[in-house]
Amino acid sequence: MSELDAFRTEVREWLEANCPAEMREPIRDEDDVCWGGRNFQFKNAAQKAWLDACVAKGYTVPDWPKPYGGAGLTPEQTKVLKQEMKRIHARSPLDSFGIWMLGPALLQFGTEEQKVHYLNPIARGEIRWCQGYSEPGSGSDLVSLQTFGEDKGDHWVVNGSKIWTSYADKADWIFCLVRTDKANKYQGITFMLFDMASKGVTTKPILLISGNSPFCETFFDDVEVPKTQFIGEINRGWDVAKYLLGHEREMISGGGAGGDMVSIGGAFAKAFGKNAAGELDDPILRAEMAAFDVDVFAYRAMGERFMDMWKTGRAHPASSNMMKYVGTELNKRRHELVMSGGGSEALEWDSEETKGGARARGWLRTKANSIEGGTSEVMLNVIAKRILDLPGA
């Protein structure tokens, strides 16, 4: 037996002993997702037990080094762990912008003291983070941001606002782009970290067409930020921001793979009836779903290759743009097909039978996928210039 096979056996035994049955059931609502943070309320004992077990093992961030709360797994071992968790339909023990975005940036740009100080609480789910990037008037041209930090010696005084700040009203801390030099567009931004409970920070949820409010407007009025709370170099925060954006786009692109759903056609055949051949009993919809399934399988294979190359430093720097664009479009197509297959029932908005209009609300939410993390138009421009080497206009 190879070392990797032995590790797989070890992981299977550990999962059987530590993953509660409730944590192997499909996610039904937002309360089933563990975001952590100082104000987080666990839905049940099983959710807490699953997080505690993974924290103790380092499995909330398995590929992070052990001194920072991880398990120190190799890329191959991390892949095996994810495969085995998927095999038993285990829920993620912890969803976190700290894990998906800030953590990789800290590992790349943070000092040793910062890594120890911030990464361990992230791995344990003790701090919930939000992202302060986009501003009114500074969307696709993010580097034109105007939130300004005035140098006061041992601290900055920050004034300005951010928009589309996901879960800002629930976050404990924010990683935020702040202009600290008005004379230099690209080398005048600092990547700051500060507590959302700081005096002068306020948030206002934004109601979306889906009827939910995951996004917020965030306002900074004379917020004092200690000079110790920045990552990278002062005025070189754009370097950190670009690196983090690659991980954000990787995160968003994951929606294209469809999670545990093996086949959208197979799922709908169970829900809406089969013909004599055991197929979805609607030839047009069946053909559309089959074509979609083929594209998803191709995307998953592409994603496996991309992640292997990314973790070994061989991926093209703009690959995450390509993954984000394709994943976004696939996720939107999936929800369009869900709406088509659901018929008039899928348009229902409030009843318990439709889980509060989950299909319609989910479909409407996907419209933001092609905006958040970089618009699809920007992604296509980057792909054209940096991957295909096409000439500019």
message: Under the criterion side-chain hydrogen bond (donor to acceptor under 3.5 Å, both in side chains), I'd like the reasoning laid out for Arg91 against Gln47: C-alpha separation, chi angles, the key distance, then a yes or no.
response: CA-CA 9 Å; Arg91 296 179 186 173; Gln47 191 180 55; over 6 Å; no

task: Given side-chain hydrogen bond (donor to acceptor under 3.5 Å, both in side chains), test Ser138 with Ser144 step by step and report yes or no.
output: CA-CA 6 Å; Ser138 296; Ser144 67; 2.9 Å; yes

message: If you compare all heavy atoms of Val382 against all heavy atoms of Ala318, which two are closest, and at what distance to 0.1 Å?
response: CG1-CB, 3.9 Å

- line: All heavy atoms of Leu285 vs all of Gly341, minimum pair found to be CD2-CA, 3.5 Å

task: Output the distance between atom CG (Leu330) and atom OG1 (Thr366), rounded to the nearest 0.5 Å.
output: 12.0 Å

message: List the residues meeting side-chain contact (heavy atoms from CB on, under 4.5 Å) with Lys182, not counting sequence neighbours, and say none if there are none.
response: Phe148, Arg179

field: salt bridge (charged side-chain N to carboxylate O under 4.0 Å, His left out) against Asp31, all qualifying residues, sequence neighbours excluded
entry: none

task: Using a strict cut-off of less than 4.0 Å between a Lys/Arg side-chain nitrogen and an Asp/Glu carboxylate oxygen, indicate whether Arg8 and Glu84 qualify as a salt bridge.
output: yes

statement: d(Met289 CE, Asp293 CG) to nearest 0.5 Å is 8.5 Å

query: Does Leu364 reach the side chain of Leu208, with side-chain heavy atoms less than 4.5 Å apart?
result: no

statement: Checking Phe175, Trp129, Tyr68 against Tyr118 for side chain to side chain contact (heavy atoms under 4.5 Å, CB included), the one that qualifies is Trp129

field: Set of residues satisfying ring-ring contact (aromatic ring centres under 6.0 Å, His included) with respect to Phe215, sequence neighbours excluded
entry: Trp164

field: Residues forming a ring-ring contact (aromatic ring centres under 6.0 Å, His included) with Trp156, sequence neighbours excluded
entry: Phe230

- prompt: Is the shortest distance from a Lys or Arg side-chain nitrogen in Lys355 or Glu345 to a carboxylate oxygen in the other one below 4.0 Å?
  reply: no

query: Does Gly356 offer a backbone N or O that forms a donor-acceptor pair with the side chain of Arg361 under 3.5 Å?
result: yes

query: Within the distance-only criterion (no hydrogens, no angle test), does the side chain of Lys324 pair as donor or acceptor with the backbone N or O of Gly374 below 3.5 angstrom?
result: yes

field: ring-ring contact (aromatic ring centres under 6.0 Å, His included) between Phe220 and Phe194, worked out
entry: CA-CA 11 Å; Phe220 310 124; Phe194 54 93; 5.5 Å; yes

field: N/O donor-acceptor pair under 3.5 Å between Thr354 side chain and Asp350 backbone
entry: no

- prompt: Looking at Phe40, is Arg128 sitting on its ring face, NZ or CZ under 6.0 Å from the six-membered ring centre and within 45 degrees of the normal?
  reply: no

field: 4.5 Å side-chain heavy-atom contact, Lys82 and Lys79
entry: no

task: Test side-chain hydrogen bond (donor to acceptor under 3.5 Å, both in side chains) on Tyr325 and Glu377 and set out the steps.
output: CA-CA 9 Å; Tyr325 174 76; Glu377 291 78 11; over 6 Å; no

field: Phe97 side, atom CZ; Asp95 side, atom CG - distance, nearest 0.5 Å
entry: 9.0 Å

query: Gln131 and Leu244: which non-hydrogen atoms are nearest, and at how many Å?
result: NE2-CD2, 3.5 Å

task: Scan for side-chain hydrogen bond (donor to acceptor under 3.5 Å, both in side chains) pairs involving residues 183-195, sequence neighbours excluded, and state none if there are none.
output: Arg38-Asp195, Trp173-Asp195, Thr180-Thr190

- line: Under a side-chain separation threshold of 4.5 Å, the hydrophobic residues clustered together with Leu81 are Leu4, Phe7, Val11, Trp14, Leu15, Met23, Trp50, Tyr59, Leu73, Val80, Met85, Ile88

